[in-house]
Amino acid sequence: MSADPLHALASAGKAKSTRSVLRVVILALIAGAAIASRLFSVIRFESIIHEFDPWFNFRATKYLVAHGFYKFWDWFDDRTWHPLGRVTGGTLYPGLMVTSGVIYHALRALTIPVDIRNICVLLAPGFSGLTAIAAYLLTNEMTTSNSAGLLAAAFMGIAPGYISRSVAGSYDNEAIAIFLLVFTFYLWIKALKQGSMLWGALCALFYGYMVASWGGYAFITCLLPLHAFVLICMGRYSTRLYVSYTTWYALGTLASMQIPFVGFLPVKTSEHMPALGIFGFLQLLAFLDYVRSAIPSRQFQTFLWVFAGGSFGLGLAALAIATSAGFIAPWSGRFYSLWDTGYAKIHIPIIASVSEHQPTAWPAFFFDLNMLIWLFPVGVYLCFQELADQHVFIVVYALFGSYFAGVMVRLMLTLTPVVCVAAAIAVSTLLDIYLTAKSPKPVEGQPADGGDGAAKKAVKSGLKSTSKPLIGVYGLYSKVAIVGALTVYLLLFVLHCTWVTSNAYSSPSVVLASRLPDGSQHIIDDYREAYQWLRQNTREDAKIMSWWDYGYQIGGMADRPTLVDNNTWNNTHIATVGKAMSSREEVSYPIMRQHEVDYVLVVFGGLLGYSGDDINKFLWMVRIAEGIWPDEVSERAFFTPRGEYRVDGDATETMKNSLMYKMSYYNYNKLFPPGQAMDRMRGVRLPEVGPSLSTIEEAFTSENWIIRIYKVKDLDNLGRDHASAAAFDRGHKKKKATKKRGPRLLRVD
Amino acid sequence: MRSLFSLCLFLLAAVVSAVSTSGNRLLVILDDVADKANYSKFLADLEGRGFQLSFETPKSESLTLFHLGERTYDHVIFFPIKTKGLGPNLTPNILVDFLNAKGNILLAISSGIATPNSLVSLLAELDIQLPADRTGLVVDHFNYDASSAPEKHDVLLLPPPGRLRPDIKDFFGAGAGSNEVLAFSRGVGAVLGTGELLTPILRAPRTAYSYNPKEQAEVVDDLFAAGEQLALVTAFQARNSARLTLLGSAEMLQDTWFDAEVTKPSATGGRKAKTFNREFAKRVSGWTFNEIGVLRVNWIEHRLDEPGNSASNETNPKIYRIKNNVKYTISLSEYAWTNWEPFTLPSDDDALQLEFSMLSPFHRLELTPETARSTPESTAYTVHFRLPDQHGIFNFKVNYKRPFLSNVEEKNTVSVRHMAHDEWPRSFAISGAWPWIAGIGVTVAGWLAFCAVWMYSAPPLTDKGETKKTQ
């Protein structure tokens, strides 16, 4: 019709069906972008599982695919936690593995042969696309603006706070859990808005899936009751709330109890009590509501409210009594550390030793969320403006999420969705205001200048309240300035996200990358080299002792039994390994014998300057061991009298005699000219004479000395102790025993 | 022709190797090869038992215990050697390696000849002490041979050794006649450390002592050792069951003392007696060279022992469930000179035990002979038991180590898993669950009844409706 293509495009966008097609296309593109931006690691390195926990998930998935679901459910894993074993089927969240297993079998059924590893590697990016769509749906429930949802989807797709846990290869529970989290919230809002049992049941279904997938489901379990409670306190109790909440709670709890690992926890532990309490409280309210509608009397109403409050208080008291009497498990240590960030360091060193359990540093917020972090309060403010039930949810979620994200680094993940939603609302509101091309028709033929018109109107009517001032920004320059600035910010945001993803979050951490002087990439592959050595040169049931960080990788890559791994359920067992590492050889050897250890693996970064090595983690081993054996291991003994943690010639005797120190620096000085041995990580010169070992012998050292493996010697064949046997092998003759002091030891047969 | 020849060779090898359980290549190290005439009876006995003897002197260039990392001999006898060092082929480290490679050593020393350094170092590693300056003489003024050493009293007459402890088999002195004595001539006594790998075969009588005839000819001021602390013949068995025997008197093995007539001192009757040396030498060398006291584990079997379980046929499964009933059987044989015999415990006080352990034993059970599965060559020991209520990686462990018997240390690792989800009794089979099952039933029925009542109790018809109906 019109020759102007721009006009044609604008008019085409007005048709409703065209708009929905456009929206679908945009969403698809966003999902595609979300997936694409997570593929850096695959392109830079290879299709490989990352880090530590994913290796366990990968191994479990392989087991599931190979043996079927029931075998997986009853899986007793005798290759971890030697010799205790792990009831793996009952102590994991199976959602992730089952999801990839289903995808695998579905693809097989479609005759698409895909390696299970590739499914595992690409599962997280795939689900991030779904998360973007879920964020779109959730945001659409909050605002009438169409653009807000799309913006939220775009933010969600590329926000580094989420990408950090969902790059290709990061095959962890969070990979699918964040999608489930957002989608469950969407269904909850939907159910709440409509008071619909169907949506409530769907919400419970996805909640069940979430419980099956991630321990962070407690976040939903606490947030939904909190939302309901806030609504009640605001006097917004309604049958909609009643129906949606009770449906969700009853079905969701039943669903969660089907997971073997969760079992009866929903009725036994404190974390789940708020949900139960609100459930009961809602029943009470519904009853009172019914009574009130039947007997309309003001006095009676007040009495009822007092009654309700009283019973709520009674319920709380009953909870406290039940907890102290032991019917309900008290808060777990991990939960305490959410309230007091110093708690774990004092009481549970094993929790504090995990880097992702540390409190968040403030730059992390900017790093992970960039401009969203300052748009976030605006979005929350805008929610206050409208404050329907669903906006209360955003407000509650924002508060809750911000607090937890401040306490623990890893909980940044749960904050990210609400930040994206709130920021999207803020941006879209801004854009809606400033992008309106139309100016309102000036009233009564007056000039478009709002301020001027209002003044004249006021004069005209004489009564300010009756006048209708036109307030708004209609100047083209201001519009262009604001919109332009926002566009620049959005572009910068994309740049930032891409940069962070490519630089910070795409390293597999199994393979280290460094740059050569000519700028080319140099891959340091010591981990896989060592694990491959283990796989090819040791018996299949050779037990490997290492610090727990490497347990999953050894199990996954080397396929050898380990003593401890990243599933840190048994503090004592980990402390045993810590004690073996931090004690003298004579103390460690019986421990290793008892646990049938064949090889000991240590990570040493001294040659390369690799900071994540065992000497740097050593103090945690000492602390954890000291927690169990305070008489035998003492952290103080590893510090010099001046309170320094040293590894050079001034290191304490305890430090120098500890197995970990000896294993790290054994033979290290032979690499250097005499007296020149340097630890490049800690930047110190080492003593001229290196440590000697008698109960273990060096079996393997990787190319860059990052991984060192030692073989534990058998008992001496001739019944000598290892020190004298080693001395004899070196050619020292035994001293004449005739010069023994003290009375002769008589033999009694 | 050639195949026939090799077959003959094979048969010959089979006959010959039936002698010792660990090969028949025996190296004899002498100061001078001509010295072997002194030991002709003893060496002839050994040859008669099927050993292939090679004779070498320490100076020999061709003497080597290892070739390309493999043992070239199965057993070694050292007769007294006058030189102080044994050369580069017989350093203590090589001898220790020889023991570690399951080679056996019989070491005969003599008072007149200083023991070489190399051997002293080796013995020191085993916690066996010889007298200082490697000379010493054991004398006893009450138990000497009045006919050959009436003055010096350095030929001891000893009764054949009995059981060291009531639970140890008597390998060396059993069956000796009452008028047979051991002549221990001009020998050296050793002092043993407290390790459990050492066992004295023959201890000096309470009245014997050791002194240095050169320096302490007049006054014995500093006593090396006396009485039963002096071990005259000592057995050492390493953890890998390699054996070393220290014979304090090499002259014991000489022809002169085989079947010689000796006279007991007049204080104890002055009777004539025959020596037991030849039989004793046979037994000591036989023990050292794995002809007696060798235990063999023929097979080990563990299996599920659940009543009426047809799936329990699998032998040695890798995994059990907690609280399974399990049967463990181990078949043991003992080698006695020429053939394998069923192993029986040396005494009633002793017990063959099975440990079912993870970190520490959960069960320690006595294994009992099972006649049904025993053969003329072996005894099957068995035990039935119930696995503990603890999942994990467990070991069936038999750790039977007794003096003079080769070590039995058998470990079979199995996993013990938890109950699978479908192995629990069903809820209706548990009487305690009935109230809850009834509760569910009542709730369901009540809900259905409520629905029925709700749906069929229509609201009371209003007047309007009634009129409509009537109209």
Side-chain angles (χ1 to χ4, degrees), chain A residues 69-91 258 260 539-541 543 561 563 570 572-573 576 591 593-596 714-721 724-725 727-740 744-749, chain B residues 91-93 96 99-100 102 117 120-122 124-127 129 131-132 164-165 168 191-200 203 224-225 228-229 231 236-240 242 244 318-319 321 357-360 390-395 403 411 413-423:
Chain A
F69 181 72
Y70 281 104
K71 278 274 170 67
F72 177 68
W73 187 0
D74 296 328
W75 185 20
F76 176 72
D77 189 357
D78 51 10
R79 297 180 77 75
T80 57
W81 291 95
H82 185 86
L84 307 169
R86 177 181 172 192
V87 183
T88 312
T91 56
Q258 304 312 308
R539 272 186 303 116
E540 203 185 352
D541 60 344
K543 285 92 193 169
L563 257 69
N570 189 330
T572 313
H573 211 56
T576 308
I591 298 175
R593 286 285 299 178
Q594 192 189 17
H595 290 80
E596 302 172 306
D714 199 359
L715 284 174
D716 182 58
N717 189 34
L718 305 182
R720 302 166 293 182
D721 59 286
S724 52
F728 176 75
D729 287 341
R730 282 195 295 271
H732 298 298
K733 270 186 196 163
K734 209 170 187 178
K735 277 178 194 158
K736 281 265 169 71
T738 42
K739 284 164 191 164
K740 246 186 219 166
R744 178 179 281 172
L745 208 61
L746 293 185
R747 186 182 167 93
V748 182
D749 279 300
Chain B
T91 62
N93 290 55
V96 165
L99 282 176
N100 288 343
K102 290 197 169 183
N117 274 334
V120 174
S121 304
L122 172 69
E125 288 302 312
L126 310 182
D127 218 359
Q129 265 184 65
L164 190 66
R165 287 201 315 247
I168 290 179
V191 171
L192 308 185
T194 50
E196 68 268 26
L197 303 180
L198 286 168
T199 324
R203 288 184 294 187
F224 171 65
E228 297 202 323
Q229 287 300 313
F236 171 86
Q237 183 169 258
R239 284 185 204 282
N240 65 356
L244 179 142
K318 286 211 168 105
I319 191 159
R321 203 200 66 207
S357 66
M358 174 181 81
L359 293 180
S360 54
Q390 164 71 48
H391 57 74
I393 294 103
F394 284 81
N395 289 316
K411 205 162 82 169
T413 307
V414 292
S415 304
V416 177
R417 65 174 170 85
H418 60 293
M419 301 277 261
H421 72 280
D422 54 356
E423 283 174 331

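Below, read A as the first sequence line, B as the second, and so on, with proteins coming before strands; counting in each chain starts at 1.
- With a threshold of 4.5 angstrom between heavy atoms, B:L244 does not approach chain A through any atom at all.
- Side chain of B:N100 to main chain of A:N717: no donor-acceptor pair is present (N/O by atom type, distance under 3.5 Å, no hydrogens or angles).
- Options B:T194, B:T91, B:N93 differ in how many heavy-atom pairs under 4.5 Å they form with chain A, and the most are formed by B:N93.
- Note: B:H418 and A:F76 have tilted aromatic rings, judged against thresholds of 30 and 60 degrees for the angle between ring planes.
- In this structure, chain A has a heavy atom under 4.5 Å from the side chain of B:F236, while its backbone stays farther away.
- With a 4.5 Å cut-off on non-hydrogen atoms, A:W81 does not touch chain B at all.
- Note: B:R239 CZ to A:D716 CG = 7.5 Å, rounded to the nearest 0.5 Å.
- Under the 4.5 Å side-chain criterion, counting only non-hydrogen atoms from C-beta, A:K543 is not in contact with B:I393.
- A 4.5 Å side-chain heavy-atom check between A:D74 and B:E423 finds every atom pair outside the cut-off.
- Residues B:D127 and A:L718 are not in side-chain contact: their nearest non-hydrogen atoms beyond the backbone lie 4.5 Å or more apart.
- Looking at B:L99, both its backbone and its side chain come within 4.5 Å of chain A, counting heavy atoms on both sides.
- With a 4.5 Å cut-off on side-chain heavy atoms, A:L84 and B:M358 count as touching.
- For a residue to count as touching a neighbouring chain, one of its non-hydrogen atoms must lie under 4.5 Å from one of that chain's; by this rule B:K102 does not touch chain A.
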